[in-house]
Amino acid sequence: MTNIVSAPSPRDIESVCGFLGQRFHANRTRRLKDWALSEQFIRLHERKRYDDWFWMGEQVGKWLDASAYAALIARDGDLLQRVEDAIERLARSQEPDGYLGITPRFHRNPVRGMELYEMYYVLHGLLVCAELLESRVALETARRLGEYIIRTWGPDPGQFPLAGRFPGNGHDGGEGTLILEPIVLLGQQSGDERFVAWGERTLAHWDRWLEAYPESIHTCGYTAMKQFAAGERDVYELRENIHAHTFHMTLLGVAALHNATGKAEYRDVVLGCVDRLAEEWIFLTGGMSSDERYVPRRYYHPRNTIEVCPQHTWILLLHQALQWTGEARYAAEIERDLFNHFLAAQLADGSNWSYFTPLNGRATEPSGPNCCNAAGHRIAGRMPIYLYGLRQNGPAVLLYTESEATLRPEGLPAVRLRQETRFPSDAEVAIHVSPEQPASFALHLRIPPYAEGATVRVGSGEARAARAGGFLTIEREWRPGDVVHLSLPLPLRGQAGESQVALMRGPLVYALFQDAQADRGVFHGRRGLFPADYTLELDPAMPERYVHEEPAPEGLLGPALRVRARIRARPPVFSTARANAALPGATEQEVVLLPFVNQGAICGEYQVFVDYEGRPAVP
């Protein structure tokens with residue numbers, strides 16, 4: 001099936017600025033160009049001295065993937081040279097039988113720990129470089145590693161199954177089936193049909209393998225996926241304590257099989273699963289899962305941790321669904337995650353990522369290389385390609401931020417699109433449309449679902465309404481210098497339960513950061529105030545009557561929202577009434593809420609869901 005939307009080449013992204021651009025470039029300069037970090041990743045493969053269980057072997061693959069995209073987008077010759085050097089060094093580190101890992105032969109049988117998970121990302125990194133950089137070395141290295149994998153694992157006698165506590169299958173033996181996606185992609189890129197055939201043969205064994213090894217709970221069989229897609233089972237029933245990230249990775253494998261074979265069933269299963277997750281299991285911030293898992297709803301709480309890894313594979317699934325269908329709702333979900341939970345985990349200087357970022361509480365302190373900070377820099381490295389695309393061969397703007405790209409519709413002149421905007425802080429977007437020569441074509445503009453009352457006009461023409469939640473198509477003859485003016489309302493909304501509320505403005509979800517308040521309540525590191533001590537005074541049904549917008553502090557995405565709040569009296573923690581009488585009593589003051597995505601700039605204690613109590617509106 002032909003894709004409805006195609007992504008631009010990273011070489012055709014001319015510039016990316018605004019908030020997304022700031023985070024993209026910070027990731028490139030402070031993370032991907034940390035030469036000591038990438039040297040550590042490469043040397044692990046060269047030295048082969050790592051014998052612990054964990055996933056350090058994946059790191060070079062995610063770095064290659066992110067760096068190839070980022071180097072091409074930013075025209076960064078130094079980073080590109082580093083990528084090319086790393087490919088050569090990895091190729092030299094590969095063993096004669098195709099093994100490409102970080103462990104000495106005497107500590108593997110034939111691999112250690114969760115090496116199929118590690119090889120998944122090494123293959124991805126090599127295949128991205130083979131595609132984007134036309135690297136024959138990368139493709140040949142990937143081919144040899146792929147040969148090693150399909151010789152060692154599979155349904156044939158003498159091979160290891162992809163489930164159960166067998167070498168390389170990872171946590172509880174439940175991660176082996178995720179290798180499907182890069183093996184199928186290798187078959188597509190190399191033209192070797194054996195890899196795709198291996199993928200279909202192993203998929204046919206998923207059910208029986210997972211039935212034979214019930215301890216392997218990270219993901220589920222293919223029949224269970226079909227049942228979830230059809231609405232016959234819920235996600236937490238597919239496998240007890242199913243792992244969100246691994247489930248997403250195996251869905252990406254099924255998606256790759258559709259792209260390789262054209263079989264509609266694979267596509268339908270993936271879309272059915274993605275649609276149900278989006279409608280039933282994604283948070284208002286775009287994150288998902290409770291402590292890494294899809295579990296029954298009674299085990300969800302705003303203080304539970306939310307991991308970066310499943311968000312990065314979720315964004316990849318959404319982009320695949322967008323390409324297949326051309327439906328705006330998938331781009332809306334990408335926008336939701338990027339402008340909220342995903343980039344909230346990134347330190348604002350781009351140097352690292354938090355492993356876990358709850359809705360209420362405190363993000364984990366960023367640490368050394370792990371699966372989540374590598375997942376973060378992988379998506380951040382390719383983030384600009386999500387801004388634009390060709391939709392039914394017409395140029396399309398999918399996400400809004402200050403940026404510029406050249407799109408190349410088939411049979412038409414190349415079209416340069418340039419956005420001038422302060423979105424999401426400001427509602428106005430000017431889109432400069434510059435075909436190489438005058439041409440008639442359809443321009444597709446995604447109108448976000450919250451932008452009720454959006455309007456558009458071309459040049460000095462009359463404004464017309466644009467329906468929220470879909471694509472607005474403008475078909476006409478376009479000439480260099482044409483400008484489209486788009487106005488996207490950014491309404492203030494409250495999502496409330498009986499006692500707590502989250503405030504939203506446009507795509508942004510807000511949080512109360514204790515360290516952003518005028519009185520932080522901190523004395524030599526001792527906290528006297530936490531966000532849980534505040535009760536906002538507003539009506540969630542009409543928050544605009546109680547909230548005042550103001551510019552955010554320098555360096556933070558805004559605007560800030562100012563609202564009155566009551567600070568509850570301190571509990572009587574001391575042993576005597578006299579001592580307790582000296583504790584602060586209940587007071588009122590104004591507090592400032594800021595977009596949650598600023599977490600990596602502010603850090604500290606915060607809450608997305610804050611206590612509230614209704615009060616009469618000011619006339």
I'd like to know if Arg143 pairs up with Glu147 as an ion pair, taking the criterion as any Lys NZ or Arg NE/NH1/NH2 lying under 4.0 Å from an Asp or Glu carboxylate oxygen.
yes

Would you kindly say whether Ser67 and Arg82 are connected by a side-chain donor-acceptor distance under 3.5 Å?
no

Validation row: Leu64, Val128 side chains within 4.5 angstrom (heavy atoms)
no

Taking Arg239 for its side chain and Leu210 for its backbone only, find out whether a donor-acceptor pair lies under 3.5 Å.
yes

His107 backbone acceptor or donor facing Asp51 side chain under 3.5 Å:
no

Does any N or O in the side chain of Asn27 come within less than 3.5 Å of the main-chain N or O of Gly376, such that one atom is a donor and the other an acceptor?
no

Can you list, pair by pair, the side-chain donor-acceptor contacts under 3.5 Å of residues 247-256, counting residues two or more places apart and other chains?
{"unit_1": "His248", "atom_1": "ND1", "unit_2": "Pro310", "atom_2": "O", "d": "3.0"}
{"unit_1": "His248", "atom_1": "ND1", "unit_2": "Thr313", "atom_2": "OG1", "d": "3.4"}
{"unit_1": "His248", "atom_1": "NE2", "unit_2": "Tyr294", "atom_2": "OH", "d": "2.8"}
{"unit_1": "Thr250", "atom_1": "OG1", "unit_2": "Thr219", "atom_2": "OG1", "d": "3.0"}
{"unit_1": "Thr250", "atom_1": "OG1", "unit_2": "Thr246", "atom_2": "O", "d": "3.1"}
{"unit_1": "Thr250", "atom_1": "OG1", "unit_2": "Phe247", "atom_2": "O", "d": "2.8"}

Under a 3.5 Å distance rule, please check whether Gln59 uses its side chain to pair with a backbone N or O of Met56 as donor and acceptor.
no

Salt-bridge contact Asp268-Lys226 (side-chain N to carboxylate O under 4.0 Å)
no

Do Thr285 and Phe342 touch side chain to side chain, with heavy atoms closer than 4.5 Å?
no

Distance check, rounded to the nearest 0.5 Å: Phe41 atom CZ versus Trp63 atom CH2?
9.5 Å

Hey, are the side chains of Leu127 and Leu186 touching, using non-hydrogen atoms and a 4.5 Å cut-off?
yes

Return yes when atom CZ of Phe356 has more than 12 non-hydrogen atoms of other residues, nucleotides or ligands closer than 6.0 Å, and no otherwise.
yes

Indicate yes or no: at least one non-hydrogen side-chain atom of His45 is less than 4.5 angstrom from one of Val122.
yes

CA sep, side-chain torsions, deciding dist, call: Tyr300, Trp281, ring-ring contact (aromatic ring centres under 6.0 Å, His included)
CA-CA 11 Å; Tyr300 282 82; Trp281 291 99; 5.8 Å; yes

Taking the side chain as every heavy atom from C-beta outward, state whether Tyr148 and Arg144 have any atom pair closer than 4.5 Å.
no

When you look at CG of Asn109, are more than 12 heavy atoms from neighbouring residues, nucleotides or ligands closer to it than 6.0 Å?
no

Is it true that a side-chain atom of His205 and a backbone atom of Pro155 form a donor plus acceptor pair closer than 3.5 Å?
no

Got a sec, which residues hit side chain to side chain contact (heavy atoms under 4.5 Å, CB included) with Asn352, two or more places apart in sequence or on another chain?
Arg31, Leu347, Pro366, Asn373

Crowding at CD, Glu240 (>12 non-hydrogen neighbours, <6.0 Å):
no

Kindly indicate whether the side chain of Leu277, heavy atoms from C-beta on, has any atom under 4.5 Å from the side chain of Phe228.
yes

Using the test side chain to side chain contact (heavy atoms under 4.5 Å, CB included), find all partners of Glu410 that sit at least two apart in sequence or belong to another chain.
Asn393

Does any pair with a residue in residues 84-94 pass salt bridge (charged side-chain N to carboxylate O under 4.0 Å, His left out), and if so which ones, sequence neighbours excluded?
Glu39-Arg89, Glu46-Arg89

Spatial distance of atom NE2 (His243) from atom NE2 (His218) [nearest 0.5 Å]
4.0 Å

Using the six-membered ring wherever Trp is involved, compare the ring planes of His124 and Tyr121 and label them parallel, tilted or perpendicular (cut-offs 30° and 60°).
tilted

With side-chain hydrogen bond (donor to acceptor under 3.5 Å, both in side chains) as the test, would you mind laying out the steps for Asn370 and Trp353 before giving the verdict?
CA-CA 10 Å; Asn370 58 55; Trp353 298 68; over 6 Å; no

Please check if atom CZ in Arg297 has more than 12 non-hydrogen atoms from other residues, nucleotides or ligands closer than 6.0 Å.
yes

Checking Lys48 now: which residues fulfil side chain to side chain contact (heavy atoms under 4.5 Å, CB included) with it, not counting sequence neighbours?
Ser93, Glu95, Tyr99

Considering residues, nucleotides and ligands other than Gln159, do more than 12 of their heavy atoms fall under 6.0 Å from its CD?
yes

Table please: side-chain donor-acceptor pairs of residues 160-172 below 3.5 Å, with sequence neighbours left out.
{"unit_1": "Arg165", "atom_1": "NH2", "unit_2": "Asp172", "atom_2": "OD1", "d": "3.4"}
{"unit_1": "Asn169", "atom_1": "ND2", "unit_2": "Pro161", "atom_2": "O", "d": "3.1"}
{"unit_1": "Asn169", "atom_1": "ND2", "unit_2": "Gly164", "atom_2": "O", "d": "3.1"}
{"unit_1": "His171", "atom_1": "ND1", "unit_2": "Glu175", "atom_2": "OE1", "d": "3.1"}
{"unit_1": "His171", "atom_1": "ND1", "unit_2": "Glu175", "atom_2": "OE2", "d": "3.1"}

Going from CD1 on Ile150 to CG on Asp192, what distance comes out if it is rounded to the nearest 0.5 angstrom?
7.0 Å

Close side-chain approach of Leu44 to Val60, heavy-atom, < 4.5 Å:
no

Salt bridge check, Glu115 against Arg112: does any charged N sit closer than 4.0 Å to a carboxylate O?
yes

Would you give the length of the straight line joining atom NE2 of His319 to atom CG of Leu398, rounded to the nearest 0.5 angstrom?
7.0 Å

Tell me whether Glu134 at atom CD has more than 12 heavy atoms from other residues, nucleotides or ligands lying less than 6.0 Å away.
no

Would you check if the side chain of Gln311 reaches a backbone N or O of Glu307 as a donor-acceptor pair within less than 3.5 Å?
yes

Can you tell me how far OG1 of Thr305 sits from CD of Glu292, rounded to the nearest 0.5 angstrom?
6.5 Å

Please determine if Glu58 and Lys62 form a salt bridge, counting it only when a charged side-chain N lies under 4.0 Å from a carboxylate O.
yes

Does the side chain of Glu118 reach to within under 4.5 Å of the side chain of Ile102, using non-hydrogen atoms?
yes

